[in-house]
Amino acid sequence: ILITEATNGDRDRTESQETMDARLKAVLEETERRGGNALLPVFMVNRGPNMVAKLVRLGFKVFVAGGVRKTLAVEVGTEVVEKWLADKMVMFIENEPNYASQVSAAARGEYGFRPIVTSSATLDQGAGVDFAIEMLPVPENVLISTGHRFDGSAMKEFFEVKNKPIGPGHTIVLNRMDRNFHPVKRAVNVRCSGHHFDYSAHSHRKELVTLAAGINPDVVFVKHCTEEGFLGLETALRGELGEKCPPISWARHLHLFEL
């Protein structure tokens, strides 16, 4: 039995890591030239520390907020983080009472050009919302997505409206947490640019097909995917394996299967 995810089951990788890194550097350098700043909402585990390390490697100073402050030392090492802090390559946001003022200062670029890496990647929660409220209405800024854009998320909505003419409907609604951790809806006008980089750690269609063909299972269960992801992988597997293709089922939550 093979149990696999298919987040990217409907598409193949189109850019190498090297190509994406070069494109990311070019986008950030252009943003700095026009006087803007960059916001990178990320998952705090794995993706966040990886993006901070990547930006430092590309030569950028980084402003770190949200849960990424907690996971950075765990994943890249305390000594590395301490050196970055000492060299001023990385700057951490402070907690209250200075939190709100530092959000505004970092968003406006008062600490110099420092791409902001913060949770959460969906823009539905986390410190990223605080930065987005200030940064998305500014045309010189850029919002950078670094992974899967989930259906129904504010991040997905951003990329659906960002290229529309300014006017009615050119806003997204963000849920900002108040001091009591209650969500407060905030409509934000989208005027900044946006770029997507597929740094997703999830395997793509070709890699998933290679995995399944190598294992040669009797049954395949697919979890953690959209309908498009499941159908894309199913079609690719049937095309690759032909008559030898095993039964393929979409393992939805709490759905029972008989083997």
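The shown structure was predicted, so the numbers you read here are calculated from the model rather than taken from an experiment. Just the heavy atoms: all of them, side chains too, but no hydrogens, waters or symmetry mates, feed the values below.
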> For Asn50 and Arg47, does a side-chain donor sit closer than 3.5 Å to a side-chain acceptor?
Replying inline: no

> Under the 3.5 angstrom rule, does the side chain of Asp198 hit a backbone N or O of Thr14 as a donor-acceptor pair?
Replying inline: no

> Using 30° and 60° as the class limits, which term best fits the ring planes of Phe63 and Tyr111: parallel, tilted or perpendicular?
Replying inline: parallel

> Taking everything shown except Asp218 itself, do over 12 heavy atoms lie less than 6.0 Å from its CG?
Replying inline: no

> More than 12 heavy atoms of other residues, nucleotides or ligands under 6.0 Å from NE2 of His224: is that the case?
Replying inline: no

> More than 12 non-hydrogen atoms from neighbouring residues, nucleotides or ligands closer than 6.0 Å to CZ on Arg186, yes or no?
Replying inline: no

> Is any NZ, NE, NH1 or NH2 atom of the basic residue among Arg205 and Asp10 found under 4.0 Å from an Asp or Glu carboxylate oxygen of the other?
Replying inline: no

>> Within the supplied structure, the quantity of interest is the number of heavy atoms (other residues, nucleotides, ligands) at a distance under 6.0 Å from Lys156 NZ; does it exceed 12?
In response: yes

> What pair of heavy atoms forms the shortest contact from Leu123 to Val129, and how long is it?
Replying inline: O-CG2, 3.5 Å

> Do Lys54 and Thr146 come close enough that some side-chain heavy atom pair is under 4.5 Å?
Replying inline: no

> In this structure, are over 12 heavy atoms from other groups packed under 6.0 Å from Glu79 atom CD?
Replying inline: no

> Just checking, Arg23 and Phe197: is the charged tip under 6.0 Å from the six-membered ring centre and within 45° of the axis?
Replying inline: yes

